[in-house]
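Below is one structure, written out as structure tokens, with a few remarks after it.
One is the number of the first residue; the rest follow in order along the sequence.
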Amino acid sequence: MSDDAILRLEGVTRTYAKGELKVTALRELSLEVRRGEYAAIMGPSGSGKSTLLHLLGLLDRPTAGSYLLDGREVAGLDDDERSRLRNAHIGFIFQSFNLFAQLDIVGNVEVPMSYAGVSAGRRRRRAEELIEQVGLTTRRKHRPGELSGGEMQRVAIARALANDPLLILADEPTGNLDTATAGVIAGMLDDLHRKGRTILIVTHNPELGARTDRRFVMRDGALQHESA
């Protein structure tokens, strides 16, 4: 593993049982993402992108193979250990935003810090800082239902940064946005990369993928090729 690698997969396979059948979603997949890199996982629907995202985000575990996160083997961790590491080290940005409807912007950004045991005062200060960074200070007391799609995605970006993660995983982060708003969100991700964040985007959008340093193209659960 490279000294600057944030994650490395070696021969990762994921199979699922469907009745008496076994479905292989990932086939002996190997890849590495380095610290500060901006990369994309691309491929058509059904290529295994979502399964790979779930594994990388510690939402699932491989059937076989190795997954090193910041030098630590995490493939065989139990649910509690994966939850703790996921909250501490990985920030998620989802296509559907996944905000809590009953919480205002500040409350949504505070959620990962609450799970991490950060005190109420520190949570509030950090959330206010992040909300200012994404340009939503005047909307800070609004709830998701009162926000536009672009504003909700800005909240999601702020939330992803809450615990200062090693890795940001973005799942089709512009998929539910109009073209102009998608450009703004893509520009914010570009800026995070310039500031040194490690970002891995899962997308089928070639324009979004083209903004990254490296692209891993998948087909039928395997890594078809890699390009820079």
Side-chain angles (χ1 to χ4, degrees), residues 6-7 33 35-41 49-50 52-59 69-70 74 82-101 103-118 122-137 139-140 142-144 147-177 181-203 205 208-209 211-213:
I6 286 289
L7 66 86
V33 174
R35 193 175 306 275
E37 192 166 33
Y38 192 15
I41 297 169
K49 301 191 305 298
S50 295
L52 179 57
L53 176 75
H54 289 161
L55 291 178
L56 294 175
L58 301 176
L59 297 167
L69 178 63
D70 199 30
V74 297
R82 284 189 292 121
S83 294
R84 182 178 59 79
L85 284 179
R86 182 170 60 245
N87 188 59
H89 296 315
I90 299 174
F92 287 94
I93 303 170
F94 298 99
Q95 177 178 350
S96 55
F97 319 125
N98 285 15
L99 302 178
F100 291 95
L103 299 178
D104 61 18
I105 288 177
V106 174
N108 270 282
V109 176
E110 285 184 340
V111 167
M113 293 182 281
S114 178
Y115 290 148
V118 177
R122 288 180 58 198
R123 291 200 309 264
R124 180 55 54 94
R125 288 192 295 273
R126 174 68 171 160
E128 297 278 8
E129 291 170 2
L130 291 169
I131 290 165
E132 182 178 5
Q133 287 178 28
V134 298
L136 289 176
T137 298
R139 309 282 279 169
R140 54 191 291 281
H142 287 67
R143 295 184 180 186
L147 304 177
S148 68
E151 288 170 335
M152 284 192 284
Q153 198 59 296
R154 290 186 187 207
V155 177
I157 290 172
R159 181 185 58 189
L161 296 171
N163 286 332
D164 194 22
L166 290 170
L167 173 68
I168 294 174
L169 292 178
D171 183 14
E172 297 287 3
T174 62
N176 282 350
L177 305 175
T181 306
V184 172
I185 296 301
M188 294 179 73
L189 293 173
D190 294 346
D191 187 55
L192 288 174
H193 168 239
R194 285 191 292 269
K195 291 176 179 176
R197 293 287 178 179
T198 306
I199 304 173
L200 185 59
I201 294 177
V202 176
T203 185
N205 184 337
L208 184 59
R211 304 174 81 111
T212 64
D213 300 325

Nearest heavy-atom pair of [X] and [Y]: which atoms, and what distance?
| X | Y | value |
| --- | --- | --- |
| T212 | Y38 | CB-O, 3.3 Å |
| L56 | L169 | C-CD1, 3.9 Å |
| A101 | P144 | O-CD, 3.9 Å |
| A186 | L208 | CB-CD1, 3.9 Å |
| P173 | I201 | CD-CG2, 4.0 Å |
| I199 | L189 | CD1-O, 3.5 Å |

If we only count heavy atoms from C-beta on, is the [X] to [Y] side-chain gap below 4.5 Å?
| X | Y | answer |
| --- | --- | --- |
| I105 | L147 | yes |
| V184 | R154 | yes |
| N163 | M113 | yes |

Find the distance between [atom1] ([X]) and [atom2] ([Y]) and round it off to the nearest 0.5 Å.
| X | Y | atom1 | atom2 | value |
| --- | --- | --- | --- | --- |
| L52 | L200 | CG | CG | 7.5 Å |
| H89 | I6 | NE2 | CD1 | 9.5 Å |
| N108 | M152 | CG | CE | 10.5 Å |
| L55 | R82 | CG | CZ | 9.0 Å |
| E172 | L53 | CD | CG | 10.0 Å |
| I185 | T174 | CD1 | OG1 | 9.0 Å |

Candidate pair M188 and D191, rule side-chain contact (heavy atoms from CB on, under 4.5 Å), full reasoning: CA-CA 5 Å; M188 294 179 73; D191 187 55; 5.6 Å; no

Spell out, as yes or no, whether a donor-acceptor pair under 3.5 Å connects the side chain of [X] to the backbone of [Y].
| X | Y | answer |
| --- | --- | --- |
| R159 | P112 | no |
| E110 | R124 | yes |
| S148 | E151 | yes |

Step-by-step side-chain contact (heavy atoms from CB on, under 4.5 Å) determination, H193 to D213: CA-CA 10 Å; H193 168 239; D213 300 325; 3.2 Å; yes

Could you check I93 against I168 for side-chain contact (heavy atoms from CB on, under 4.5 Å), going step by step and ending with a plain yes or no? CA-CA 7 Å; I93 303 170; I168 294 174; 3.8 Å; yes

Is there a side-chain contact (heavy atoms from CB on, under 4.5 Å) between L192 and I157 once you walk through the steps? CA-CA 10 Å; L192 288 174; I157 290 172; 3.9 Å; yes

Donor + acceptor pair across side chains of R140, T137 (<3.5 Å):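 The answer is no; no qualifying pair exists.
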
In terms of heavy-atom contacts, does CZ of F94 have more than 12 from other residues, nucleotides or ligands at under 6.0 Å?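 Atom CZ in F94 is packed in, count exceeds 12.
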
Taking 4.0 angstrom as the limit, do R35 and D70 come out as a salt bridge?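 The answer is yes: the pair qualifies as a salt bridge.
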
Are the charged groups of D164 and R197 less than 4.0 angstrom apart, N to O? yes

